[in-house]
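Just so it is clear, the values below take in all heavy atoms, side chains as well, and ignore hydrogens, waters and symmetry mates. First the proteins, then the strands, lettered A, B, ... as listed; each starts at 1.
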Amino acid sequence: MADDIKILVVDDEPVVIKSCKRILEAEGYNIDGASGGREAIIAMEQKPYDFVITDLKMPEVDGITLIKWIKKSRPETGVLIITGYPSQETIKDALELGIIDYVPKPFTPVVLMDVVARAIEWKQKSVPAEAKKKEEEFPPSMMAELDRMISSYRDKPGSLIPVLQRAQEIVGYLPPIVQKRISKGLNIPAAEVHGVVSFYSFFTMQPRGDHIIKVCLGTACYVKGIDEVLDKIKENLHIGVGEITEDRKFSLEAVRCLGACGLAPVMVIDHDTHSAVTPKKVMQIIDEYRTVGAKA
Amino acid sequence: MGRFRANLMVCAGSGCVATKSLKVKEAFEKELKKRGLENEIDVVLTGCNGFCAQGPIITVHPDEIFYEKIQVEDVPYLVEEHFVKGRPVEKFMYKEPTGKLTIPSMHEIPFFKHQVLRVLRNKGIIDPEKIEDYITRDGYLASAKAVTEMTPREIIEVVKDSGIRGRGGAGFPTGVKWESCARMVSDRKYMCCNGDEGDPGAFMDRSIMEADPHAVIEGMIIGAKAIGASKGYIYVRAEYPLAVHRLQLAIDAATEAGLLGKNILDSGFDFDLEIYQGAGAFVCGESTALMFSIEGRRGMPRLTPPRSTESGLWGKPTVLNNVETLAAIPQIILNGADWFKSLGTEKSTGTKVFSLTGAINNTGLVEVPMGMTIRQIIYDIGGGVPGARRGRKFKAVQMGGPSGGCIPESLIDTPVTFEDIQKTGAIMGSGGMVFMDNTNCMVGMAKFFLEFTTDESCGKCPPCRVGTKIMLDKLNDLAEGRGKEGDIEILEELSYDIIEGSLCGLGQSAPNPVLTTIQYFRDEYESHIKDKWCKVGVCRKLTTFFINEKVCTGCGACMRACPSKAIIGEKKKPHRIIQEVCIQCRTCYDTCRFKSIIIGPADYKGDPMALLEE
């Protein structure tokens, strides 16, 4: 397994590259060397590496610049640093850029082997998480639609709320990346956008399920026992209000009066209103949606 | 309407749509076509009929036969009997809840008989999605008159003289509001409509917007002319998609017809109207917060003065009126102030729309003259409290939503006017009436509303933000048996602090539900604290359930209903509750038809029969 792993060692001192090569190749890793930031970038443009071990202080293109480039252009590559100056400042800068770990210089073979082994383990563990994160990324077409919508509102005063409503329709929810795009597009500070998103209950920063269950907590529904219905749903779907089931089928929301008090207690799933819901009936109603695909 | 021999009106309010009235309409069309009657019977979708609990509702004109709870499978039979054989079908008609009397004609049904329809005059008669229907009912005559013949001064005089007060809750005279805005000099003014109906248990505005959207628009045109506004917004909750849809259709149709937009009816008067969808924040019903929201900001109220009529939306003079107020305006202009004043009392003129919900037989929307008593509304229109045979009685009515209060049975003869309701400690509010019977716990009610206001407080004023939370914690303590002597006084004291220290109506009125329930139901609070006893069995931790062995018939209904299988007993012999298993859910109490369940205080070990004597 170790020979699948390709590592690039970057240092302006050839002796460091040489010793790393000797230690890590003995462990079965594939090691290449580069004598500076520029050389490293050239090497990485030619073939992919799993890890880069780099010095920070180098003439011309230094370590920090290299890490920035890696994070932008080769985000899948893990970064480790070797530094003879493990001062708070430099390490802090590097950590902020998202390195995995560092090797203090001078180092013994054991330390180097340990750090690399840990890094590999960490990366393998974090892969599923990363993959999940990718899923949350949005297709370019969706982002283009979002941008088109934002720009159509650009010159209208007071358009933030309608834009957020439309954005939520397009994306399904309002994660930070969407809020930032809106902030940029409308030229409104991101803090203000977030302030509005968090103020109104209509907006959500959590992804929503294929089906949205809205339970009315209005007075009439309360008088007619909606709380027991709500408890039943929570118990059966194992989620609380504002949460989403693990299979992403359902999300549960509590709303203030749907204005259909004559039908109390009321529950709305997607666009269908269900009237006179009882704890007995409720799961049967919800189960009917299980087999139905996501709403259009 | 002329060439059809009958019109079949299918209610398409949110309530009936939810009970599948649109499918019923399709079924009627199919069935009529099958029998070759499609050119004789016209099927029309109408706005909310108001009698929501009986939906889907069908009325047949011109005979005004009222059918309730019509399902798709009933349609062929109904068409066969009523339209082919000419025999109205009794089994689908309304039946009196008390007697077995069947009432075929809509106007004979008590729910409708006592109503006076002014604002709701078009409900169930016109198709809200067709401007022609509205125009045949004298629609846009008033706005045409206002725009082409009247001066702003004249309009304001008529409205002032009519005495109409804001239907949103506070009851500020509409004419005075318009006058103060008209007086302002500005390059731009705004006319806004508040459709952010947030009170839980109220749906008057939704119904009006859905059933008669043009009336709201016409009212806004008249208001705009009076104050000199050229731009208007209708702020509607995003929870009301059907209202938004119908208003948009109405705006488009009115603009197309030249009744709205640039140079209305060649008079040179411009008025553009736009819908703005709220995003779910109760506080946005407050006028300054609503305007911040339209500006795209957090809807947090600001200090007044300056009033919105001086400096409102984007700093310009702005009038904000409630949906119902605006829908009433066109008829005031057409029929005059005296006509409007002919109903109601001296200080509360005209009619008011109420939504009746909760423990009442006839749930729905009603319009009655101001000054009718609560008793008349409950018993004459609402048909009383359900379950009378099981001992259910009227206990209180909650008016004014989270800002209002509970009016107890002892004040049942209070006339419903702005002044009289205020005297009870409640407020008129927007017209939501939630009825409670003797199975509702008043501490629980207060807690429910406090939960609402705690959640909806915008967070600007600490007395409201923090105070409501502390009050809620106290009420939770009470409901869970941690109440202490002196808690009631702390609740009262906190209430007054919150009222004094809050900027807007939300905070100033948030303690009302607590204050009124303490005022009228202090004994309930005390029994929660001293006896650890919730006498109606709502607060689970303060109850023990017993079966009255003298009354129990051993029918087994409670045994079957009990979710934790805590009830045992042989058939036809008195049953027993195993206390260790009982989870105090009250299901047995709700199920028993013989009033044999006794509710005792927490961990009661004594003789349950002794509780009955208390």
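- Contact of the A/Pro162 side chain with the B/Tyr276 side chain is registered, since non-hydrogen atoms from C-beta on lie closer than 4.5 Å.
- Neither the backbone nor the side chain of B/Ser355 comes within contact range of chain A, judged by heavy atoms closer than 4.5 Å.
- Within a 6.0 Å radius of CG in A/Asp287, other residues, nucleotides and ligands contribute more than 12 heavy atoms.
- Proximity to chain A is limited to the backbone of B/Asp199, based on heavy atoms less than 4.5 angstrom apart.
- In this structure, CZ on A/Phe199 lies 12.0 Å from CZ on B/Arg297, to the nearest 0.5 angstrom.
- Among the residues in residues 273-283 of chain A, those with a non-hydrogen atom closer than 4.5 angstrom to a non-hydrogen atom of chain B are A/Thr273, A/Ser275.
- For chain A, no part of B/Phe282 is nearby; none of its heavy atoms comes within less than 4.5 Å.
- For B/Gln277, the parts lying near chain A are the backbone and the side chain together; criterion is any non-hydrogen pair under 4.5 Å.
- Nearest approach of A/Gln165 to B/Ala238, heavy atoms of both residues: NE2-CB, 4.5 Å.
- The candidate from B/Gly432, B/Cys458, B/Ser293, B/Gly358 with the greatest count of non-hydrogen atom pairs under 4.5 Å with chain A is B/Ser293.
- Residues satisfying the side chain to side chain contact (heavy atoms under 4.5 Å, CB included) test with A/Asp227, not counting sequence neighbours, are A/Tyr222.
- Counting non-hydrogen atoms of other residues, nucleotides and ligands closer than 6.0 Å to NZ of B/Lys23 gives a total of 12 or fewer.
- Within a 6.0 Å radius of NZ in B/Lys460, more than 12 heavy atoms belonging to other residues, nucleotides or ligands are found.
- No part of B/Ser207 comes within reach of chain A, as not one of its non-hydrogen atoms sits under 4.5 angstrom from that chain.
- In this structure, the separation between CZ on B/Arg298 and CG on A/Leu160 is 11.5 Å, given to the nearest 0.5 Å.
- Within 6.0 Å of CD on A/Glu169 lie more than 12 heavy atoms contributed by other residues, nucleotides or ligands.
- With a 4.5 Å cut-off on non-hydrogen atoms, B/Val283 touches chain A through its side chain but not through its backbone.
- To the nearest 0.5 angstrom, A/Cys216 atom SG is 9.5 Å from B/Glu239 atom CD.
- For residues 150-159 of chain A, the interface with chain B (any heavy-atom pair closer than 4.5 Å) comprises A/Lys156, A/Pro157, A/Gly158, sorted by residue number.
- In this structure, chain A has no heavy atom under 4.5 Å from any part of B/Gln398.
- Listed here is the closest heavy atom pair of A/Ile161 and B/Ala279: CG2-CB, 4.2 Å.
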Show every donor-acceptor pair shorter than 3.5 Å between a side-chain atom in residues 47-54 of chain B and any protein atom, with sequence neighbours excluded, or say none if there are none.
{"unit_1": "B/Asn49", "atom_1": "OD1", "unit_2": "B/Phe51", "atom_2": "N", "d": "3.2"}
{"unit_1": "B/Gln54", "atom_1": "NE2", "unit_2": "B/Glu68", "atom_2": "OE1", "d": "2.9"}
{"unit_1": "B/Gln54", "atom_1": "NE2", "unit_2": "B/Glu68", "atom_2": "OE2", "d": "3.4"}

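- When all heavy atoms of B/Gly299 and A/Tyr200 are compared, the pair lying nearest together is N-OH, 3.0 Å.
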